[in-house]
Number of protein chains: 2
Amino acid sequence: MTDKTLNSILRLLHASNVIEARLAAEFASVHGLSVNEAFLLMQLEQAPLQRLPRVELAKRLLTSASTVTRMAAPMEKLGLVTRQSDSRDARLAFVVLTDAGATKIEEARATLSKQAANAFKDRWTAEEIGQLSDLLGRLVAGAPGELA
Amino acid sequence: MTDKTLNSILRLLHASNVIEARLAAEFASVHGLSVNEAFLLMQLEQAPLQRLPRVELAKRLLTSASTVTRMAAPMEKLGLVTRQSDSRDARLAFVVLTDAGATKIEEARATLSKQAANAFKDRWTAEEIGQLSDLLGRLVAGAPGELA
DNA sequence: CCGAAAAGCTTGCATCTGCAAGCAATTCGG
DNA sequence: CCGAATTGCTTGCAGATGCAAGCTTTTCGG
């Protein structure tokens, strides 16, 4: 028997790798950003006050706290984010989206949209695209880090 | 307007990250393999003569030649693959699946199936799973490295 | 109120990965 | 047939990432 379940998962991982490789190339050359850096900005964008503590950001990016620390440093130098501390809890070090960061993510989202449209070309109906979106959303419902 | 196209791609990348993280943990503890090492074995498994030149393997794994070289070395020490050269073209260095490697991949596939089934739990109909598989397959049709 | 446990962040170390350069073998052009 | 270009592979170097350890601050238990 052919395992449709297994097949779906294999195709999911494969498709993701293919798409991400395309995105990475485009993002690097056009915006000077890695895909993960773009995702970091997008997470901040949809957070209250456009900011998140490092640990929370790590959860949403499905990565480790040390990675967030190291990702934020160069982006801070570029002025895309700032560091902000909490007066109530001195342990917290928020990563805050700056205006420059907000602008950057707007540009990046345009690229993302363009690439997404290109991936579906014209052989896809709006309904099929919606279907795929729904199925994928259901697959990982409840997992942290969903981007709107 | 909400961009369904963009949303599908974002969910694709997100879902893949979530699933891969789960797989990685399970694979490491149960089989002592990384997900990519398992994929390498699976690529060999479905190749003619259960072997592939390093460059071809790199294409199918969507990675670089140097990565394949470095991935193969430890797996060779473990006896999962062997190196084989071509009498016609002395440049070629095939990565060949061994019996031990074939056994390993069978075990790994079982884990993979189990995890895949778990991802879909029971809220999914067979039709929906087939639908997802079809949509994803269509999305990256023609890209190298598809696993059967 | 005090000491223990926990939480948030950073840093050292190890691993994985890609690019560019280098080497060996093959193929191509004239 | 010969030199140039190409192909396959490996290796040096740099960047990204996770884990474990360490530091500071907060919270918890009695």
Side-chain angles (χ1 to χ4, degrees), chain A residues 13 16-18 20-29 32-40 47 51-78 81-96 144-145, chain B residues 13 16-18 20-29 32-40 47 51-78 81-96 144-145:
Chain A
L13 299 175
S16 174
N17 281 343
V18 172
E20 182 161 356
R22 292 180 197 163
L23 285 182
E26 182 90 355
F27 266 66
S29 64
L33 282 182
S34 74
V35 175
N36 283 339
E37 286 170 334
F39 283 171
L40 185 153
R51 63 174 202 176
L52 287 171
R54 274 149 163 77
V55 165
E56 182 57 31
L57 194 45
K59 278 181 198 152
R60 300 192 187 189
L61 291 174
L62 302 175
T63 187
S64 67
S66 51
T67 294
V68 171
T69 291
R70 286 165 173 140
M71 280 177 73
M75 298 177 75
E76 205 167 329
K77 287 207 172 80
L78 291 176
V81 300
T82 321
R83 167 186 291 259
Q84 194 177 86
S85 50
D86 188 319
S87 54
R88 306 295 186 81
D89 188 337
R91 291 172 302 182
L92 297 185
F94 288 95
V95 182
V96 193
Chain B
L13 298 175
S16 173
N17 280 343
V18 172
E20 182 160 356
R22 292 181 196 161
L23 284 182
E26 182 92 354
F27 265 67
S29 65
L33 282 182
S34 74
V35 174
N36 283 340
E37 286 171 335
F39 284 170
L40 186 154
R51 64 174 202 177
L52 287 170
R54 273 148 164 80
V55 165
E56 180 57 31
L57 193 46
K59 278 181 199 152
R60 301 194 186 188
L61 291 173
L62 303 174
T63 187
S64 66
S66 51
T67 295
V68 170
T69 292
R70 286 166 171 139
M71 280 178 71
M75 297 177 76
E76 205 168 327
K77 285 207 173 79
L78 291 175
V81 299
T82 320
R83 166 185 292 256
Q84 195 176 85
S85 51
D86 188 321
S87 54
R88 306 294 186 84
D89 189 337
R91 291 172 302 181
L92 298 184
F94 288 94
V95 182
V96 193

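Throughout, a chain's letter reflects where its sequence line sits, starting with A, and its residues are numbered from 1.
Taking atom CG of residue A:Leu40 and atom P of nucleotide D:dT17, one finds them 11 Å apart after rounding to whole Å. Rounded to whole Å, the distance from CZ on A:Phe39 to P on D:dT17 is 12 Å. Distance B:Leu57 CG to D:dT10 C1': 15 Å, rounded to the nearest Å. Distance A:Asp86 CG to D:dT26 P: 9 Å, rounded to the nearest Å. Protein atom CZ of A:Arg54 is 15 Å distant from nucleotide atom P of D:dT17, rounded to whole Å. Put simply, CG on B:Leu52 is 13 Å from P on D:dG8, counting in whole angstrom units.
Interface remark: the B:Arg91 side chain does form a donor-acceptor pair with the D:dT7 base, using a distance-only criterion of under 3.5 Å.
Counting only distance, with no hydrogens or angles, the side chain of A:Thr63 and the backbone of A:Lys59 share no donor-acceptor pair below 3.5 Å.
Each of A:Ser87 and A:Leu62 has a nearest nucleotide on DNA chain D; the 5'-most of these lies closest to A:Leu62.
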I'd like to know whether A:Val95 forms a side chain to side chain contact (heavy atoms under 4.5 Å, CB included) with A:Arg51, so could you lay out the CA-CA distance, the side-chain angles of the two residues, the decisive distance to 0.1 Å, and finally the verdict. CA-CA 5 Å; A:Val95 182; A:Arg51 63 174 202 176; over 6 Å; no
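The residues B:Glu26 and B:Arg22 are annotated as not salt-bridged, no charged nitrogen and carboxylate oxygen being separated by less than 4.0 angstrom.
As judged by a 4.0 angstrom heavy-atom cut-off over every strand, B:Thr63 is placed among residues touching the sugar-phosphate backbone only.
The side chain to side chain donor-acceptor pair (under 3.5 Å) search around A:Ser64 returns A:Ser66, A:Thr67, not counting sequence neighbours.
Across D:dC19, D:dT7, D:dT26, the shortest atom-to-atom separation from the side chain of A:Arg70 is found for D:dC19. Distances from the side chain of B:Val55 to the nucleotides D:dC9, D:dG18, D:dT25 place D:dC9 closest.
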Bracket string, DNA chain C, 5' to 3' - pairs by Watson-Crick or G-U geometry under 3.5 Å, | interstrand: ||||||||||||||||||||||||||||||
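A 4.5 Å side-chain heavy-atom check between B:Leu40 and B:Met75 finds at least one atom pair inside the cut-off.
Here the range on DNA chain C touched by chain B, meaning any atom under 4.0 Å from one of its heavy atoms, is C:dT17 to C:dT26.
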